[in-house]
There are 2 protein chains.
Amino acid sequence: MIALNTKYSQAKSEQPIDAQRPGLLSPAPAQGFEGVLQAQRGARQVFERNDTIFSEGHPVDRIYRIIAGTVRLCRHTQNGKRYIADFLLPGDMLGFIDQNDHLFTAEAVDYVSLAYYPRSQITRLFDSDASVRTHFLMHFASRMMAFQDHLFTLACQSAKERLCSFLLRLRSRGGTGAGQLLNLSMGRRDIADHLGLSVETICRSLAQLRDAGIVEIPNIHQLVLKDVEALRALSEATAE
Amino acid sequence: MIALNTKYSQAKSEQPIDAQRPGLLSPAPAQGFEGVLQAQRGARQVFERNDTIFSEGHPVDRIYRIIAGTVRLCRHTQNGKRYIADFLLPGDMLGFIDQNDHLFTAEAVDYVSLAYYPRSQITRLFDSDASVRTHFLMHFASRMMAFQDHLFTLACQSAKERLCSFLLRLRSRGGTGAGQLLNLSMGRRDIADHLGLSVETICRSLAQLRDAGIVEIPNIHQLVLKDVEALRALSEATAE
DNA sequence: CGGATAATTGATAAGACTCAATACGCGTGG
DNA sequence: CCACGCGTATTGAGTCTTATCAATTATCCG
């Protein structure tokens, strides 16, 4: 199973999953899979910036829940390229259930604190509890949708559109501080590798947004979204 | 549930997803989900080229299995852009189980013959049969992997690399006729919208492959792969 | 055969990449 | 406390890939 991400699955089980386009996430009581886990505290582990949490191809033996910090899921190629599939935030889970080996490398973007649970425990849960399985499926489906949206972004959007889509997605996932403040824990390079662009293009696009008065850049790791509507218009992200 | 695609899970059979998970995914009898369905004949329905099978956003009431032909799953945007998430071939299934509405529009690439089953029947199966659920999960996982590969393609690869990756993927999925012959039922525009390129770029890249003696183009809808190794080298598709 | 659609090829331009040169931030150590 | 050095970010200049526009050819189908 691909990275589990509770944020994505926070939809009531009676609600159709498609009601939650990424960004419109209905709140849900922590139940099912994550609920059971969160009831237990789990062992803790911390990582420094750029530490590897686990590597692509290595056997899965734990499921993690992020307590603090940001994690990137990525792939590295022989020729030095890197592709970042997703960023995971506090509350998100990461692990791989029905795969022997990890599909991605997980790395700490900043200081990261994780709780982890042995894989066997997850397996037991899954076997014994139907609601856990249901939760799982919803998880899977919403993750799939998120990846589809990203596919659309990469296939159809220009640099600036991609960046705007990304910022809006981050905002809707709670990467935001107070009000318009958006925490950009990941570096420019990370964003570039996530959006299939170069670092320089990210910088230039950000500068354009700044010059247009759409965002302010108080410092490297924070962004003030002055005009969300303009961002939305620029992203043109809404398929259909 | 996203498009079900038996071909993907069959292709992964050398690396059985479920074998290693005694509890989570009990070894499924070869049939599982599709097996049960195929035992029943199902009603039939045929579509002409470019017919819409179902539309994005419409309620899901049937699950389809492709008897013959090729189906494309796509999204249309306001500004006339189109993104093709995937092509489905005979044997593949399409439908959405735990979604109220379709995530994609499904269209017939050529003449398509489908068997279909009411959604309620699928739901019952899913609720009552653990092996069906297992099969489902495997399905999901392999689909997820396929989409991840595609994401990598779109994020990191050049035009020619994308095309080579695509041809190889098609080949490995059995879109192939005898030996080196590859059936390209989809048009150039379809390929372009799948790979995030323009029609002209597809043509030019194909011409380059032809001029390099790597492929032959006997006619629009067939390709002879003269040098698969060269294709593989050009695709550079292997992450890590 | 003829008209429509799709594919191919050519010419040009725009967008994004690369290379290169600062500037900034931050931690370290004098 | 400041100077230094390293990594990252930013900005500029030039190039290259790919998109766009246009014209021609091929293919399909009635």
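All values reported here derive from a predicted model rather than from experimental measurement. Below, read A as the first sequence line, B as the second, and so on, with proteins coming before strands; counting in each chain starts at 1.
B:Asn79 and B:Thr77 share a side-chain donor-acceptor pair at under 3.5 Å. Between the side chains of B:Gln148 and A:Arg75, not a single donor N or O lies within less than 3.5 Å of an accepting N or O.
Atom CD in B:Glu161 sits about 14 Å away from atom C1' in D:dT18, given to the nearest Å. Between the P atom of D:dT8 and the NE2 atom of A:His221 lies a distance of 10 Å, rounded to the nearest Å.
Among C:dA7, D:dT18, C:dC17, the nucleotide with an atom closest to any side-chain atom of B:Ile220 is C:dA7. Out of D:dA19, C:dG10, D:dT11, the shortest distance to the side chain of B:Ser198 is found at D:dA19. For B:Leu197, the listed nucleotide lying nearest its side chain is D:dA19; candidates were D:dA19, D:dT27, D:dT20. Side chain of A:Val199, nearest nucleotide from D:dT10, C:dA11, D:dA22: D:dT10.
Here B:Arg210 reaches the OP1 or OP2 of C:dT9: one of its side-chain N or O atoms lies under 4.0 Å away. A sub-4.0 Å separation between OP1 or OP2 of D:dT10 and a side-chain N or O of A:Arg188 is present. OP1 or OP2 of D:dA19 lies within a sub-4.0 Å distance of a side-chain N or O belonging to B:Thr201.
Contact annotation for B:Arg204: base contact, defined as any heavy-atom pair under 4.0 Å involving a base atom.
Under the 4.5 Å side-chain criterion, counting only non-hydrogen atoms from C-beta, A:Glu48 is in contact with A:Tyr111.
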